[in-house]
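Here's the structure, in structure tokens; my notes come after.
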Amino acid sequence: AGQICGRLAAVFSAPISTRPPLPVLVREIAAAHRRGGGIFVYGVGREGLMMKGLCMRLSHLGLSAHCVFDMTTPPISSPDLLVASAGPGGFSTVDAICGVARGAGARVIVLTARPETGSAAKLATDVVQIPAQTMGDGSGDGGRSLLPMGSVYEGALFILFEMVVYELGDVLGQSIDEIRSRHTNLE
């Protein structure tokens, strides 16, 4: 556990080529909320699971939050924000979703480990780098890794999103009781 936590913590002290992800995400999500927009999230595979977790937490904060492809997702438009993850730089579906959102006038934030070479970054209004190993990095030294494939990137997303939600709670003036009151009672 200590080795895994150390590996994830190292992501947040590694040099990056973009603005830091935490203030960008907090600012953009709060701005979308202030202008009456919704926050849409999208990612594939396990990145997509992390995005769904973020969506749930944003909903707990009282924001209009939606996972792309859910049956109840409304159309995206100019006051809205899409937060998409493309760890290795791009996926055909992420690129397509970003293109549709931009075409509808929404702001698009792309989270990626590859901001300079990724296809999704070209479609974003802002790009933030998560400097972590992704599925696209291969197997490294050929041995069995403690955190293989995209696990470091996905774990870093989870930690980043918890920091974002904590900061947003302060920015939006949400108490823990208000946040807790929005948690489902259908469990």
Side-chain angles (χ1 to χ4, degrees), residues 21-22 24-115 118-130 134-135 150 153-169 171-172 174 178-187:
L22 179 61
V24 170
L25 286 169
V26 169
R27 183 188 70 246
E28 290 285 346
I29 292 169
H33 176 68
R34 281 192 298 275
R35 60 181 180 262
I39 295 86
F40 295 72
V41 302
Y42 184 71
V44 299
R46 289 174 19 147
E47 291 179 37
L49 294 175
M50 296 304 110
M51 302 306 291
K52 287 180 180 187
L54 172 63
C55 187
M56 183 175 93
R57 291 291 188 226
L58 295 176
S59 180
H60 292 160
L61 285 168
L63 302 177
S64 175
H66 311 280
C67 293
V68 173
F69 292 135
D70 278 357
M71 300 265 312
T72 58
T73 302
I76 196 166
S77 64
S78 61
D80 300 323
L81 171 68
L82 171 68
V83 180
S85 178
F91 296 103
S92 60
T93 54
V94 173
D95 295 357
I97 296 298
C98 290
V100 169
R102 285 297 299 271
R107 291 191 54 77
V108 175
I109 305 299
V110 170
L111 310 172
T112 182
R114 306 281 175 275
S119 55
K122 296 174 180 79
L123 300 163
T125 46
D126 209 342
V127 178
V128 292
Q129 183 179 16
I130 314 298
T134 70
M135 186 73 172
Y153 182 83
E154 295 145 8
L157 285 180
F158 173 78
I159 293 167
L160 172 63
F161 295 160
E162 290 301 308
M163 293 187 299
V164 165
V165 169
Y166 179 81
E167 293 287 325
L168 277 171
V171 168
L172 301 173
Q174 293 289 304
E178 289 171 304
I179 295 168
R180 193 173 276 134
S181 75
R182 295 185 192 101
H183 192 281
T184 185
N185 62 358
L186 296 174
E187 293 181 321

With [X], which residues qualify under side chain to side chain contact (heavy atoms under 4.5 Å, CB included), at least two apart?
X	answer
Cys55	Val41, Ala65, Cys67
Pro79	Arg35, Ser77
His33	Leu63, Leu172
Thr73	Phe40, His66, Asp70

Pairs flagged by side chain to side chain donor-acceptor pair (under 3.5 Å) wherever residues 158-167 is involved - sequence neighbours left out =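 Non-adjacent pairs meeting side chain to side chain donor-acceptor pair (under 3.5 Å): zero.
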Supply the atom-to-atom distance [X] [atom1] to [Y] [atom2], rounded to the nearest 0.5 angstrom.
X	Y	atom1	atom2	answer
Leu82	Met51	CG	CE	7.5 Å
Leu81	Thr125	CG	OG1	7.0 Å
Leu58	Phe161	CG	CZ	9.0 Å
Leu54	Leu49	CG	CG	13.0 Å
Phe69	Lys52	CZ	NZ	10.5 Å

Show the numbers, then the answer: is there a side-chain hydrogen bond (donor to acceptor under 3.5 Å, both in side chains) between His60 and Arg57?
-> CA-CA 5 Å; His60 292 160; Arg57 291 291 188 226; 3.3 Å; yes
May I have all residue pairs that pass salt bridge (Lys or Arg N to Asp or Glu O under 4.0 Å) and include part of residues 25-34, sequence neighbours excluded?
->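 The answer is Arg27-Asp126, Glu28-Arg107.
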Over all heavy atoms of both residues, which pair between [X] and [Y] is shortest? Give the atoms and the distance, please.
X	Y	result
Asp80	Pro75	OD2-O, 3.9 Å
Val127	Pro115	CG1-CB, 3.7 Å
Ile130	Ala156	CG2-CB, 3.8 Å
Ser85	Leu157	OG-CD1, 3.7 Å

Look only at the side chain of Thr112 and the backbone of Gln129, and say whether a donor-acceptor pair between them is shorter than 3.5 Å.
->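 Here the side-chain-to-backbone pair does not exist.
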Student check: side-chain heavy atoms of Pro88 and Glu47 closer than 4.5 Å |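 Answer yes - side chains close enough.
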Val164 side chain reached by Leu22 side chain, heavy atoms, under 4.5 Å |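 Of all side-chain heavy-atom pairs linking Val164 with Leu22, at least one is under 4.5 Å.
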Does the side-chain contact (heavy atoms from CB on, under 4.5 Å) test come out yes or no for Ile179 and Val165, once each step is laid out?
-> CA-CA 10 Å; Ile179 295 168; Val165 169; 5.9 Å; no
Apply side chain to side chain donor-acceptor pair (under 3.5 Å) to Arg182 and list each qualifying residue two or more places apart in sequence or on a separate chain.
->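 Listed in chain order: Gln174.
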Set of residues satisfying side chain to side chain donor-acceptor pair (under 3.5 Å) with respect to Thr93, sequence neighbours excluded |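 Applying side chain to side chain donor-acceptor pair (under 3.5 Å) to Thr93 gives Tyr42.
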Verdict with supporting geometry, Ile29 and Val171, side-chain contact (heavy atoms from CB on, under 4.5 Å) | CA-CA 10 Å; Ile29 292 169; Val171 168; over 6 Å; no
Scan residues 73-96 for pairs that pass ring pair (Phe, Tyr, Trp, His ring centres under 6.0 Å), counting only residues two or more places apart or in two chains.
->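 Not a single pair qualifies under ring pair (Phe, Tyr, Trp, His ring centres under 6.0 Å).
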Result block: side-chain N/O donor-acceptor pairs under 3.5 angstrom for residues 95-103, not counting sequence neighbours:
{"from": "Asp95", "atom 1": "OD1", "to": "Ser119", "atom 2": "OG", "distance (Å)": "3.3"}
{"from": "Asp95", "atom 1": "OD1", "to": "Ala120", "atom 2": "N", "distance (Å)": "3.3"}
{"from": "Asp95", "atom 1": "OD2", "to": "Ser119", "atom 2": "OG", "distance (Å)": "2.6"}
{"from": "Arg102", "atom 1": "NH1", "to": "Leu123", "atom 2": "O", "distance (Å)": "3.2"}
{"from": "Arg102", "atom 1": "NH1", "to": "Ala124", "atom 2": "O", "distance (Å)": "3.2"}

